[in-house]
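Single-structure report; data block below.
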Amino acid sequence: MESLLLPGLLLLPTVCGLLGPWAAPIWCLAAGPALGLLFLVAAGVWGLGRLSGHGLLFLWESWTGRAIEPPRALRPLFYALSIALFPVLITLETLFSFVRWLGGLPEGLLLKRVASPLPLRLLVGTLLLVTAPLWFAVAAVLWVLWRLIINLGGPTIGAWFDPAPARTGAGRFQTFVALRYLRGRKTSAGLTLVTALAVVGVMLGVWTLVVVLSVMAGFEKDLQDKILGANSHVVVLSYANRIEDWERVTGIVSEMDGVAGVTPFVYSEFMLRSKHTAIGAIFKGIHAPTVSSVTDLARNMVQGPRGRIEDPADAQAIIEGLDDPRGLSRRLIDAEDSSAPDVPGIVIGQEMAATLRVTVGDTVHAVSPSAEPGPMGTLQTRVFPFEVVGIFHSGMYEYDTKFSYASLGTASRIMKLDGAVTGLEVVVDDIYDAPDIAGRIGAKLQYPYWTRDWQKMNEPLFAALRLEKYVMGIILLFIVGVAAMNIFSTLIMLVIEKRREIAIMKAMGAGRLDLMKLFMVDGLLVGFIGTTLGLVGGVATCMALDRWQFIKLESDVYYVDTLPVELSLGLTAVVALLAVGIAFLATLFPSWTGSSVDPVEGLRDA
């Protein structure tokens with residue numbers, strides 16, 4: 001079966017040509033679902049390639065006046081390249097024609113009969129396009145007055161504004177006629193305006209989709225980076241709630257493929273109390289030599305004994321000196337510290353420091369939720385003093401208000417773990433391999449150890465973000481749908497206006513499939529031009545947002561101060577395919593209606 005698949009694919013274009021419009025249904029029934037779907041995709045790509053290739057050949061012929069025909073052996077490659085080139089070239093030609101038309105506006109207003117040179121027109125048109133916000137409103141009013149004068153003044157005044165007839169040339173039937181219909185004539189000003197509105201609608205829809213989905217993807221990625229910066233990719237825990245031989249387990253995990261770093265930790269929940277107020281906190285003991293290879297704590301440190309931290313070495317020195325704040329202060333600022341030697345250091349979040357109203361050098365007390373018997377036999381609360389030696393800012397409000405860090409030895413002693421740890425944090429080379437690596441670690445260590453990866457720990461949050469992005473994309477896709485209705489109405493108006501021409505073409509031998517292709521090409525051209533312009537505008541907007549960050553957000557409300565943007569090739573490709581697909585669907589009914597015109601009735605009605 002596999003040996004026949006490649007020759008079958010190579011024969012698909014020939015089969016398409018022989019079977020015509022019945023090719024897809026016959027193949028879907030004859031072959032299995034997989035081959036039927038493969039054929040539909042291949043036939044669609046082949047048809048789109050032929051359409052784009054014929055469009056390129058027509059553009060070349062209209063520009064140079066010479067007809068060319070690619071060699072038969074190179075046609076598949078030519079059609080494949082045309083799928084990417086034709087939308088860009090037809091958009092550039094449309095922009096070129098628009099700029100040239102703008103450049104001719106002053107001549108029309110001055111009633112000048114002789115056309116100015118093309119370079120001068122392009123220069124004037126470019127200047128008018130750049131300064132459009134300044135003159136557009138006034139020009140719209142003048143255009144309305146001008147049309148009123150034309151309509152009321154009769155053919156004598158209207159003849160003053162008639163341009164020279166455009167040069168026409170021969171070309172492939174469907175593409176040539178479709179482009180002629182798309183460009184329109186002076187007598188079809190309303191139809192041309194509706195076509196322009198359809199292009200603008202598709203452009204705005206694609207533009208909005210690209211920008212909004214890129215911003216939402218940026219929020220998701222920024223949130224993911226912040227979560228993974230404060231936490232590891234995989235956590236190794238024990239059903240006994242403690243790991244005694246954590247050095248041995250660390251060695252086993254470190255040697256596994258895909259593991260980039262391992263660090264032990266102690267986890268508990270305390271209440272931190274200052275002389276002003278108290279707050280519930282997550283108390284975490286960290287291993288100074290390895291914690292920086294797993295989390296972003298050192299990179300997130302913003303304040304230390306010297307004030308604002310600029311050198312990463314100072315942040316690492318603070319982490320390594322958590323057990324000796326006085327020695328740390330002496331090393332960093334060359335000053336004596338009044339703290340008692342046995343008071344350990346602690347690093348707290350920026351929002352927690354603001355709530356407790358403390359800063360570096362102040363003392364806070366950690367109140368343990370577990371009590372122990374006192375001298376008189378009553379239960380007494382366990383309170384441990386700490387000196388604030390550093391403040392970090394992760395960008396996540398929940399982390400900055402809840403997390404506090406002490407040394408691994410201090411945390412183990414306070415929790416009475418006798419050198420044991422709560423678990424191990426693991427960072428991997430590829431974050432999306434974390435579930436697989438977590439499974440392999442669990443299988444290697446076996447009971448009583450178990451693992452959790454970052455996707456499971458944050459699954460509800462990221463699922464909500466993905467759902468929000470999908471729903472927003474579907475909602476914004478309705479903008480493209482509204483633009484597709486403009487394409488639909490444009491083609492219906494075109495069919496009504498061109499009934500006489502359609503009847504003549506059918507009388508001259510044009511088949512229904514040829515006429516359907518003609519109107520499909522017209523609608524697809526509108527979709528191509530609008531999609532290309534929208535992609536250019538959306539990508540340019542995203543790049544500008546990422547480069548200059550000119551939209552500011554309230555950092556007190558959001559966890560970021562500017563709009564994050566994550567632009568991906570896959571996202572833009574999906575948006576482009578959806579826009580062109582919706583434009584194609586909008587052409588089906590008008591194309592069928594146009595191809596169903598009776599030649600006799602069309603000529604009689606005309």
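Here the structure is a predicted model, which means the values were calculated and not measured.
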I need the minimum non-hydrogen distance between [X] and [Y], along with the two atoms involved.
| X | Y | value |
| --- | --- | --- |
| Gly523 | Ala583 | O-CB, 4.3 Å |
| Gln224 | Ile431 | NE2-CD1, 3.0 Å |
| Thr290 | Pro264 | OG1-CD, 3.9 Å |
| Gly205 | Ile479 | CA-CG2, 3.4 Å |
| Leu322 | Ala406 | CD1-C, 3.7 Å |
| Leu535 | Thr572 | CD2-O, 3.9 Å |

| query | Taking Ser412 for the side chain and Leu408 for the main chain, is one N or O donor matched with an acceptor at less than 3.5 Å? | reply | no

Within this structure, what is the [atom1]-[atom2] distance for the pair [X] and [Y], rounded to the nearest 0.5 Å?
| X | Y | atom1 | atom2 | result |
| --- | --- | --- | --- | --- |
| Met216 | Leu571 | CE | CG | 11.5 Å |
| Leu424 | Leu237 | CG | CG | 8.5 Å |
| Asp453 | Asp433 | CG | CG | 11.0 Å |
| Met352 | Arg357 | CE | CZ | 15.5 Å |
| Arg248 | Ile243 | CZ | CD1 | 10.0 Å |
| Arg440 | Asp257 | CZ | CG | 6.0 Å |

| query | Using the ring of each side chain (for Trp, its six-membered ring), is Trp454 parallel, tilted or perpendicular to Tyr432, with breaks at 30° and 60°? | reply | perpendicular

[X] side chain to [Y] side chain, donor-acceptor N/O pair below 3.5 angstrom:
| X | Y | answer |
| --- | --- | --- |
| Gln303 | Thr359 | yes |
| Gln316 | Glu320 | yes |
| Thr410 | Asp323 | yes |

| Given Tyr405, which of Tyr399, Phe392, Phe265 fulfils the ring-ring contact (aromatic ring centres under 6.0 Å, His included) condition? | Phe392

| Charged N to carboxylate O below 4.0 Å: is that the case for Arg308 and Glu310? | yes

| Pair Glu425 + Lys284, salt bridge at N-O below 4.0 Å | yes

| message | Between Glu468 and Arg466, is the salt bridge (charged side-chain N to carboxylate O under 4.0 Å, His left out) condition met? List the steps. | response | CA-CA 5 Å; Glu468 183 180 2; Arg466 284 192 297 270; over 6 Å; no

| request: Could you walk me through whether Ser394 and Asp400 pass side chain to side chain donor-acceptor pair (under 3.5 Å), step by step? | output: CA-CA 6 Å; Ser394 66; Asp400 293 344; 2.8 Å; yes

Does any part of the side chain of [Y], heavy atoms only, come nearer than 4.5 Å to the side chain of [X], both counted from C-beta?
| X | Y | answer |
| --- | --- | --- |
| Val253 | Val249 | yes |
| Leu578 | Val206 | no |
| Val262 | Val294 | no |

| field | Pairs touching residues 267-312 that satisfy ring-ring contact (aromatic ring centres under 6.0 Å, His included), sequence neighbours left out | value | Trp246-His287, Phe270-Phe283, Phe283-Phe386

